Amino acid sequence: MKTENEIGRESIDVHSFARPTEAVAKHLDLDIAVNFDQKIISGRATYQIENLTQTDQIVFDAKGLQIEKVFLGDSLTETNFRLGKEEKFLGQPLLIDIRPETKSVTIQYRTTPEAAALQWLTPQQTAGKKHPFLFTQSQAILARTWIPIQDSPGIRITYSATIKVPKELLAVMSAENPQEKNNTGEYKFFMRQPIPSYLMALSVGDLVFEPIGEKTGIYAEPATIKAAAYEFAEMDQMLTAAESLYGRYRWDRYDLLVLPPSFPFGGMENPRLTFVTPTVLAKDRSLTSLIAHELAHSWSGNLVTNGTWNDFWLNEGFTVYFERRIMEELYGKEYADMLQVLGFQDLQHTLDDMEKKDDTRLKLDLEGRDPDDGLTEIAYEKGNAFLLNIEKTVGRERFDQFLNKYFQTFAFKSTNTDRFLEFLRTELIKGDEQIAGKINIDGWVYSPGLPEEHVVPSSARFAQVEQTYKSWEGGTPATALTTKDWSSHEWLHFIRMMPEKLTQQQLTELDKAFGFTNSGNSEVLAAWFLHAIRNNYTAADQALDNFLTTVGRRKFLVPLYKELLKTPQGKKKAQAIYAKARPNYHAVSTGTIDEMLK
Ligand code: BES
Ligand code: ZN
């Protein structure tokens, strides 16, 4: 077994300035105040460090931070520091003079209002409309915009934090959390398990807590908590199912935080406290596979972590596979099959659309680029497809044993593609050339596209949708179609089957029969709007405008703006909407859409 440092040397992280093989942070005590008026976080980050090579310098990552002073040791002796040259995407190295015997470093700093990880919401942008709201999004390399930190997924720290916030608000973190407000506005947090920096998370707002099970619960604004508690009532069963699949949950509690609609992602697996978009509050529990996904990250990602962003598929591919296993446990194979098919469709679109074919390999090369470039269906769905191929080759039972051992062996460690493949060879393939041939590591991991021998998922419930769709195509009026008991997945499949060109009459007929334009399901809405835009179905204009100005989830925004931009008149519409909507989007989303609209 190699030591952590040897692994560190093997997998140099091109997205961090830190040099963890020389001097590395082990524990963080964060002591900060949150100032909503100035949109600034300020305070001190104290690190316990290990100086492995008796070096006279430790390097942290910083982006747009004002570093005021740096001190060494318990005596807080001031030391020299320097911010190095700014590099695109990465920010700057923070180089701090230390001594061979230095045990701790204290950095006094403040953020700037532009900090990309932070979104400061006005009361108007929240559900309750009375109080401001703040949340962070650190993945992939934005932790360095709110904390000076060794911002590499190959480095793990434990942490404690003291956070001062306005008295009317509650603070929560990716840590042990309070369940109600106190009257001081000062909150203390502990994360006792070592985590990578991208899992540092904080949110501050008018939050209340509602328990679901003994170890599970939900934080949300008072206006949202009831709907959320209904929607996610099964989170406890999900946790039980996950534990029965891949071993004990290692983070004690599992809670959810429901954010305002500007949250740029569907979910973010911050340990102990998944951050989730309110766009999954569909009122019928139809979009909860997203919770299964974020919960699964408690094993794949948070427990066993991709060592660099080139190994991102280790986080997301495993998590998609695990997510669907949880859904299968809870709702049966027919349900999970629908998710597999939808995911496979997404993968095929990505493979067709992606210009840079090298980015369709599982192992990526993101040097010199934003690690966000790796955030594609390749990591998620090709990663999952690879694991399905292994499962098919060795059988589910053996594969599950293997995965259990994998999570146990690498628990609380960062790993990388090579390490995983080595483990796969020694634990599963064991020199069997027939199995090796079928698993085809080279084809999946290092080659672009999809190897010929892949599982093509199919779904019995979708077969029925396809029949129904054909019968509509054949002339059956929409109102006469059998769509009883369809979940949003079936509807999504139905909408995706519709051809690019549709007449006004067809769109009106479908809309009248099924109420797509006014659907309360964000996935259905987003898929329907694509057709509406493409075919200039103006009856959906208002709803589209409303959706784009309230929802900040990038996965929905990007395809919709992209579709609008295809025609000159659509472009005008996009610009008008974006002018209104932009203040509601997180930097993660504006970064992408600015680029598209410029
Ligand atoms: N960890 C990701 C989100 C992420 C990845 C943020 C990379 C920043 C950089 C999260 O687990 C995720 O995958 N979210 C998905 C939902 C999921 C069901 C596919 C999302 O936000 O859409
Ligand atoms: Zn994920």
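Predicted model, so just to flag it, every value in this text is computed and none were measured. All residue numbers in this chain count up from 1 along the given sequence. Read the numbers this way: they start at 1 and go in the same order the structure lists the ligands and their atoms.
- At a threshold of 4.0 Å, the pair R272-E294 does not count as salt-bridged, since none of the basic side-chain nitrogens sits closer than that to a carboxylate oxygen.
- Numbered from 1 in the order shown, with element, the atoms of ligand 1 that lie under 4.0 Å from a heavy atom of R553 read 22 (O).
- When you scan the N, O or S atoms of E316 for the one nearest the Zn ion (ligand 2), you land on OE1.
- Under a 4.0 Å criterion applied to the non-hydrogen atoms of Y380, ligand 1 contributes the atoms 2 (C), 5 (C), 12 (C), 13 (O), 19 (C).
- A salt bridge is absent between E328 and K333; no separation between the charged side-chain nitrogens and carboxylate oxygens falls under 4.0 Å.
- Near F265, the atoms of ligand 1 lying under 4.0 angstrom from a non-hydrogen atom of the residue are 6 (C), 8 (C), 21 (O).
- For ligand 1, the atoms closer than 4.0 angstrom to any heavy atom of E269 are 1 (N), 2 (C), 10 (C), 11 (O).
- Checking H293, Q139, M268, E377 against atom 9 (C) of ligand 1, the nearest heavy atom belongs to Q139.
- Taking a cut-off of under 4.0 Å to the non-hydrogen atoms of F312, the atoms of ligand 1 that pass are 5 (C), 7 (C).
- Near H297, with a cut-off below 4.0 Å to any heavy atom, the atoms of ligand 1 are 11 (O).
- Taking the charged nitrogens against the carboxylate oxygens, E523 and K555 do have a contact shorter than 4.0 Å, which makes a salt bridge.
- Considering CG of L530 and CG of L544, their distance stands at 9.5 Å, rounded to 0.5 Å.
- Checking A379, G266, A292 against atom 21 (O) of ligand 1, the nearest heavy atom belongs to G266.
- Which parts of ligand 1 touch Q137 is read off a 4.0 Å heavy-atom cut-off, strictly below it: atoms 6 (C), 8 (C).
- For the pair D372 and ligand 1, the shortest N or O to N or O distance does not fall below 3.5 Å.
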Begin from the C-alpha positions of R461 and E490 and carry the test salt bridge (Lys or Arg N to Asp or Glu O under 4.0 Å) through to its verdict.
CA-CA 7 Å; R461 283 172 65 173; E490 276 122 334; 2.7 Å; yes
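- Although no hydrogens or angles enter the test, the distance criterion places a donor-acceptor pair under 3.5 Å between the side chain of E221 and the main chain of A127.
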